[in-house]
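Since this is a predicted model, take the numbers as computed values, not measurements. Scope of the values below: all heavy atoms of this structure, side chains included, with no hydrogens, waters or symmetry mates. Just so you know, ligand 1 is whichever comes first in the structure, and atom 1 is the first atom listed for that ligand.
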Amino acid sequence: MKKGNNIESAIIQSVVLKDDEDALVLLDQTLLPAEKKFLKITEMKDLWEAIYELKVRGAPAIGIAAAFGIYLGTKASTAKDSEALYVDFKKIKEYLASSRPTAVNLFWALNRMEARFKKEEGKTPQEIKIALKEEAEKIREEDEAVCEAIGSYGLSLLKPNWGILTHCNAGTIATSKYGTALAPIYLGEAENYNFKVYADETRPLLQGARLTAWELKEAGVDVTLICDNMASIVMQEGKVQAVLVGCDRVAANGDAANKIGTSGVAILAKYYGIPFYVCAPMSTIDMDCKTGKDIHIELRPHEEVTSKWYTKPMAPEGVKTYNPAFDVTDNNLITAIITEKGIIYPPYTENLAAIFES
Ligand code: MRU
């Protein structure tokens, strides 16, 4: 990405390791756009809560935070040998893994940290801790390159002056840099593509309004905020030429779980003949899930629908609610899946398997 433009200067690192302070510094995404506040996390309990409460959110960012967290948790262990350290490591791993169920990047990052631990077995606790730090940093660094590659592949599918609709937030703060679904937009902006972005507000937690509209505006991208129920009209009016979304887990057959409401957008896109692209790092593809039916969809608290962001009640007291945080978009609605290894088209079962073998 061209350096020195609005985008580079607007980018915020949402997850930073402060090793000298035994802390993880997280941008509190629940306070945006009103307040840009960083939290200093030193306890695993606080990291668990930060993930659960979406202070750090977005599949890649959750994975990076968990990798740094597991390093910091293990670093604090007083275990005298690698076996005892492994016992402490496993406890932290299981604890962090219980924070949110849908984004596979969390489990992917934790498993990768465990694989690194095992590679170092027999070494001193100090040597293992150094290796864990190195691995967590590698996960973060690799994510930057992944986002940039997704950006380039994604941009190759887009044309200047297009209208692009996105849902939720798959931007810089959801990753280490550039985002996934927003990476092609940032890259295009740096090359004067002049995109017009439509950001769905993304009820109930308003990631589109609070985060996507905010970060694109900060970077000088032309962004228009719409309520979720306006996606159809902007498509009908010819304002949207492509949909780009991020993703929390892709099953082996190409079904893709993303923020609640994504599948509705995909159905609309199909109806209006608009390409629907899922931007997914390889770490988001879970070949152990055969289809979307195997993806665990997180259910979130009632208050998020009735009252969380509002000073006045938004619903009658005691009303029943249903609050799934994600839904699964059927693979037949997905035009292509954009990864750092290339653009994957249907048939997904064959082509996803092939990309893992390549
Ligand atoms: O509940 P959230 O805000 O963590 O959900 C995030 C999403 O659905 C994103 O689209 C997805 O994690 C991709 S982030 C690059």
**Study point:** Sub-4.0 Å heavy-atom environment of ligand 1, residues by chain
**Key:**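 Contacts of ligand 1 under 4.0 Å: L54, R57, G58, A59, P60, R100, C168, N169, A170, A174, T175, T180, Q207, C247, D248, N258, K259, F326.
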Check your understanding: Is it true that R112 and E142 make a salt bridge, defined as a side-chain N closer than 4.0 Å to a carboxylate O?
Key ->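 Answer for the salt bridge query: yes.
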Exercise for review: Could you tell me whether E43 and K45 make a salt bridge, using a distance below 4.0 angstrom between a side-chain N and a carboxylate O?
Suggested key: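 Here E43 does not pair with K45 in a salt bridge, since their nearest N and O are not under 4.0 Å apart.
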Check your understanding: Under 30°, 30 to 60°, or over 60°: which ring-plane class applies to Y86 and F117, parallel, tilted or perpendicular?
Key ->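 Judged by the thresholds at 30° and 60°, the geometry between Y86 and F117 is tilted.
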Point to revise | Residue pairs fulfilling salt bridge (Lys or Arg N to Asp or Glu O under 4.0 Å) with at least one residue in residues 17-26, sequence neighbours excluded | key: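 Applying salt bridge (Lys or Arg N to Asp or Glu O under 4.0 Å) to every pair that reaches into residues 17-26, excluding sequence neighbours, yields D19-K75, D19-K133, E21-K40, D22-K75.
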Practice item. Could you name each residue pair satisfying salt bridge (Lys or Arg N to Asp or Glu O under 4.0 Å) that touches residues 259-286, not counting sequence neighbours? Key: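 Qualifying pairs: R249-D286.
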**Study point:** Other ILVMFWY residues reachable from I295 by side-chain steps of under 4.5 Å
**Key:**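 Taking Ile, Leu, Val, Met, Phe, Trp and Tyr as members, I295 shares its hydrophobic cluster with I297, F326, V328.
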